[in-house]
Amino acid sequence: MKGKYKAIIALLLVIILLLLTLTMTIANWLPTLAGIWLPQGTRIALEASPKFKRGAIIVPDLRYLAGDCVLATIKDASLSHPQRWRIHLDTLNLNVDCLSKIPLDQSGPAAPRSLAEWQSLLPESLITIDKVNITPFQQFSGALRLTLSPQQQSIHYAGASLSVDAQLNGPLLELQKLKVQAIAGMEPLELAGQITLPPLTDSLPEEGHLETKLRIPQEPELVDVALGWKAEEGALTVTKPGAAEPLVTLPWTVSDKIFEVNGGQWFWPYTGVPLRGGIALRVDNWKQGFENAVVSGRMNVVTQGLAGKANAVLNIGPGKLSLEDSALPVQLTGEAKQNGMVFYAVLPGEISGAIADPKLLFRPGALLRSRGRVIDSIDVDEIRWPLAGVSVSQQGVDGRLQAIVRAHENETGNFVLHLDGKADNFLPDAGLWRWKYWGNGEFTPMQARWDVRGYGEWRDSVIELTSLSTGFDKLEYGSMLVSEPRLKLDKPLHWQRDETAPSFDGAFTLNAGKTTFSGGSTLPPSALTFSVSGVDPSSFQYKGDLHAGDIGPVRVNGRWDGERLRGNAWWPQQVLTVFQPLIPDDWKMVLKDGTLYSQIAFSAAPGQGFEAGGHGVVKNGSVWMPDNQINGVDFVLPFRFGDSTWQLGTDGPVTLRIAEIKNQFTTTNITADLEGWYPWSDAQPLILSNVNVDILGGKMRVQQLRLPQRDAALLRLENISSSELITAVNPKQFTMSGRVNGALPLWLNHPQWIIKDGWLMNPGPLTLRLDKDMADAIVENNIAAGVAVNWLRYMEISHSWTHINLDNLGVLTLQANVQGISQVEGKRNAVRLNYSHQENLFTLWRSLRFGDNLQTWLEQHTALPDVRCQTRDKACEETQ
């Protein structure tokens, strides 16, 4: 009875081990474990005697040992037989490492050899295990349910990383579902299909063909997997549905001592750049298990980028893969090309540790290098990754991690960056990686050199930049020179990547020394302080203040959502006098009064560029200069900017209002409105309107100026006082009184004219009086001209008409007709004066020698009236 009890327990344990270790060394261990009697070198130990309770046998604790290693432990097992055998286990602990302790080829003399014999021995039974723990594969723990009969066997296994549903009918295994989460963070692998098992459990069949489907994360459809063999040759193929080229083709041969793959090919189109290559693998003593098998092989990968094709080779072994202590040398040598980058590798290493938890250690001389073009404008001269002493395992990367980058940008200059750190079992969001970084370079467009340095770490799910300092020795561009701008961390940049409570925050300060301009303007030392707060670098809010001496603060806040930068800037009301340092001393301009405030909203995104909109307001501004004063300036600028275009005047036009301008003469009530686009076009013009100036006792106005200009803009002069003009210019040689009207058609883009067909006329009487000393001098120096000048010493002009043209070279042409009455020594004489005058207005404006010019003109062009015209007779005729 005792022998039968032991046989039943052993049989159940063998079935459990068979189903749970189906994928592990089935050809080596199944004949030994499948005996009715336990294999030699193994034994069962009971901590307490079995008990009978309610028709069931209760086994509180049972251990199955291979040598001194506990292969399996059963907790709270019960055996009953209401209608069929029922076995329930609360917990089954399996230690896979103990399989190596079971002697090889030590099965009992009466052990069945065929699958059919095994199935015929199975009773009608149900086995349930609430929790199966597998060491060292704890991630594959789960619950097991087995339904057994001689005709059919079914298995249901459910765990977090492994789930199985399968049925075995005779030699046909129908795998309904096999789902394995092999690597955390990747999609699980799924397997489904039918397999015909060999009749004998200790050998492969002479001929066979297996087909199934497999799910890989990169492919939405199941891929086809086929395994076929005849005698000692076979092939494994993996094919993407509808593809002409298989993903994997592995032709193999097998003998009693050697398993070999020779001429294998693989193709992987899922990395953006298709990869392909060959595989060769040899396993000596393959029937002796992992511990005694010797593995060697070779695998190559061929890549192609803009720089051409490249080949890298992975050499494996000779060495061993072990359940406990592997020792397999590997070395990757060669190069790979992707787009414009070329990678060079010499990576000797060794795989050690248990096959369930391997470790790759890079040996001395391991170095990965790269060069090429990252993007169109940046060329990498060399990147170096020394890897000697670095180890990689399931726990992460351990060792010193370094990188050196030397590169240049065709327009901005060269730079060098260094990264040096220490990893401690580091994986993304697990373990610890501390680093420091430093570097320097050139910024050619602004004739500057820059540097950067700092520290940081990645601890579990937290990335923290603890120190940052970067800046330029100067920034020089055009007329601007910025002294020593530098960005520093005020508060460590902290990124918590935990999905349940992510956060991202930090604070910065950008300091700059004095900014000077070639014209003499100076911006005081400035500081921009800002902070960021949000979820991650692709979603955060920011706010800050900008100061430059007494200028500011300009307050900025906004957000970044990973695609678009949005923000608002406020400039609170501030007196204009703070901008005095921006005005060069040689301008001799003093800001006396006024205030400024503004508000802007902006947005920036790839494909959109920079867009902004807002308004700025200047109120009651006042500027004093040695020769003039500008008082009562009110300026409102509403605008939008986008696609390199300014829209001026959105809710209303840009308005300029100036109360007065004091210089040689005073102008008051100056108004101007501006509305439209810049740069302008026919579809989007820029329009200047409502231009009005009270000047010289009259008005000057421009009704409208449209750009691009189609018609002349008409500048109108209304009731301009000539006496106020003379008083302002203050020529000592003559005086004039009376008013003048006029119209000057203005052109800004005419190929020849600035003013074309303009005119001036007097709506009322004008009076001209020559200075006595000037007139006497003309009479004394030129007797002929002196006679005529005597008639012009005092003249009342009743009618005048002046035709004016001004070309874009500054040449002013006047054609005038003047009619009036001259009064000399109590006598009145009618005078008609026709003349033409040409002068460069730009030169005249610089000289402003009105008196001397008039005297010269009078000497050259004055003509005497007819002597008969001594009375006020209207019939009197004048001659020129």
Side-chain angles (χ1 to χ4, degrees), residues 362 366-370 374 378 380-392 395-407 412-443 448-473 475 484-498 501-513 527-544 560:
F362 289 104
L367 176 64
L368 180 63
R369 297 183 298 120
S370 179
V374 180
I378 296 182
V380 176
D381 301 319
E382 185 182 45
I383 303 179
R384 297 172 63 89
W385 290 281
L387 294 174
V390 176
S391 64
V392 181
Q395 287 71 40
V397 179
D398 191 88
R400 185 181 180 184
L401 298 181
Q402 305 174 73
I404 304 172
V405 181
R406 301 180 185 274
T412 60
N414 304 326
F415 62 89
V416 180
L417 294 175
H418 298 259
L419 177 69
D420 192 0
K422 175 68 169 60
D424 185 4
N425 289 333
F426 173 77
L427 287 173
D429 296 333
L432 175 63
W433 175 25
R434 289 178 174 168
W435 68 83
K436 62 179 179 179
Y437 57 94
W438 68 97
N440 57 73
E442 301 174 351
F443 191 55
R449 294 193 58 83
W450 59 267
D451 65 89
V452 64
R453 59 183 180 274
Y455 296 88
E457 69 174 30
W458 191 343
R459 184 187 298 271
D460 296 329
S461 61
V462 176
I463 300 177
E464 188 169 79
L465 196 62
T466 55
S467 172
L468 167 67
S469 177
T470 181
F472 297 86
D473 60 345
L475 291 176
E484 299 181 345
R486 180 161 292 275
L487 177 68
K488 293 184 177 181
L489 271 175
D490 289 340
K491 174 185 175 184
L493 188 63
H494 182 92
W495 181 15
Q496 171 57 264
R497 292 163 51 87
D498 186 357
S503 63
F504 179 74
D505 60 86
F508 303 81
T509 295
L510 176 61
N511 291 299
L528 171 63
T529 59
F530 65 97
S531 62
V532 296
S533 177
V535 177
D536 56 49
S538 66
S539 178
F540 63 83
Q541 295 181 337
Y542 62 90
K543 60 180 179 180
W560 165 251

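Worth knowing before you read on, the calculation uses all heavy atoms, side chains too, and leaves out hydrogens, waters and symmetry mates. Since this is a predicted model, take the numbers as computed values, not measurements.
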Check: D498 and V462 side chains under 4.5 Å, non-hydrogen atoms: no
Enclosure of R486 CZ (heavy-atom neighbours >12, cutoff 6.0 Å): yes
Criterion side-chain contact (heavy atoms from CB on, under 4.5 Å) on L417 and L419, from CA distance to verdict: CA-CA 7 Å; L417 294 175; L419 177 69; over 6 Å; no
Note: D451-R453 ion pair, threshold 4.0 Å (strictly below): yes
Note, D505 side chain near F540 side chain (heavy atom, < 4.5 Å): no
Distance in Å, R400 CZ paired with D420 CG, rounded so as to fall on 0.5 Å steps: 4.0 Å
Gap between atom OG of S461 and atom CH2 of W495 - 0.5 Å precision: 10.5 Å
L528 vs T509 side-chain heavy atoms within contact, under 4.5 Å: no
Distance, nearest 0.5 Å, that separates CD of Q496 from CG of D460: 9.0 Å
Crowding at NZ, K488 (>12 non-hydrogen neighbours, <6.0 Å): no
Pairing residues for W385 by the ring-ring contact (aromatic ring centres under 6.0 Å, His included) criterion, not counting sequence neighbours: none
Stepwise side-chain contact (heavy atoms from CB on, under 4.5 Å) test for D398 and D424: CA-CA 5 Å; D398 191 88; D424 185 4; 3.4 Å; yes
Neighbour count >12 (heavy atoms, 6.0 Å) for atom CD, E484: no
Inter-residue atom distance F508.CZ - L465.CG, 0.5 Å rounding: 7.0 Å
Closest non-hydrogen atom pair between L401 and A423, with its separation: CD1-CB, 3.8 Å
Spatial distance of atom CG (L487) from atom OG1 (T470) [nearest 0.5 Å]: 7.0 Å
Over all atoms of both residues, closest heavy-atom pair of G456 and T466: N-OG1, 3.8 Å
Chi angles and distances behind the ring-ring contact (aromatic ring centres under 6.0 Å, His included) call for W458, F426: CA-CA 9 Å; W458 191 343; F426 173 77; 5.1 Å; yes
Rounded distance (nearest 0.5 Å) linking atom CD1 of I383 with atom CZ of R406: 12.0 Å
Report all side-chain donor-acceptor pairs from residues 430-443 shorter than 3.5 Å, counting only partners two or more places apart or in another chain.
residue, atom, partner, partner atom, Å
R434, NE, E457, OE1, 3.3
Y437, OH, S467, O, 2.9
E442, OE2, R449, NH1, 3.3

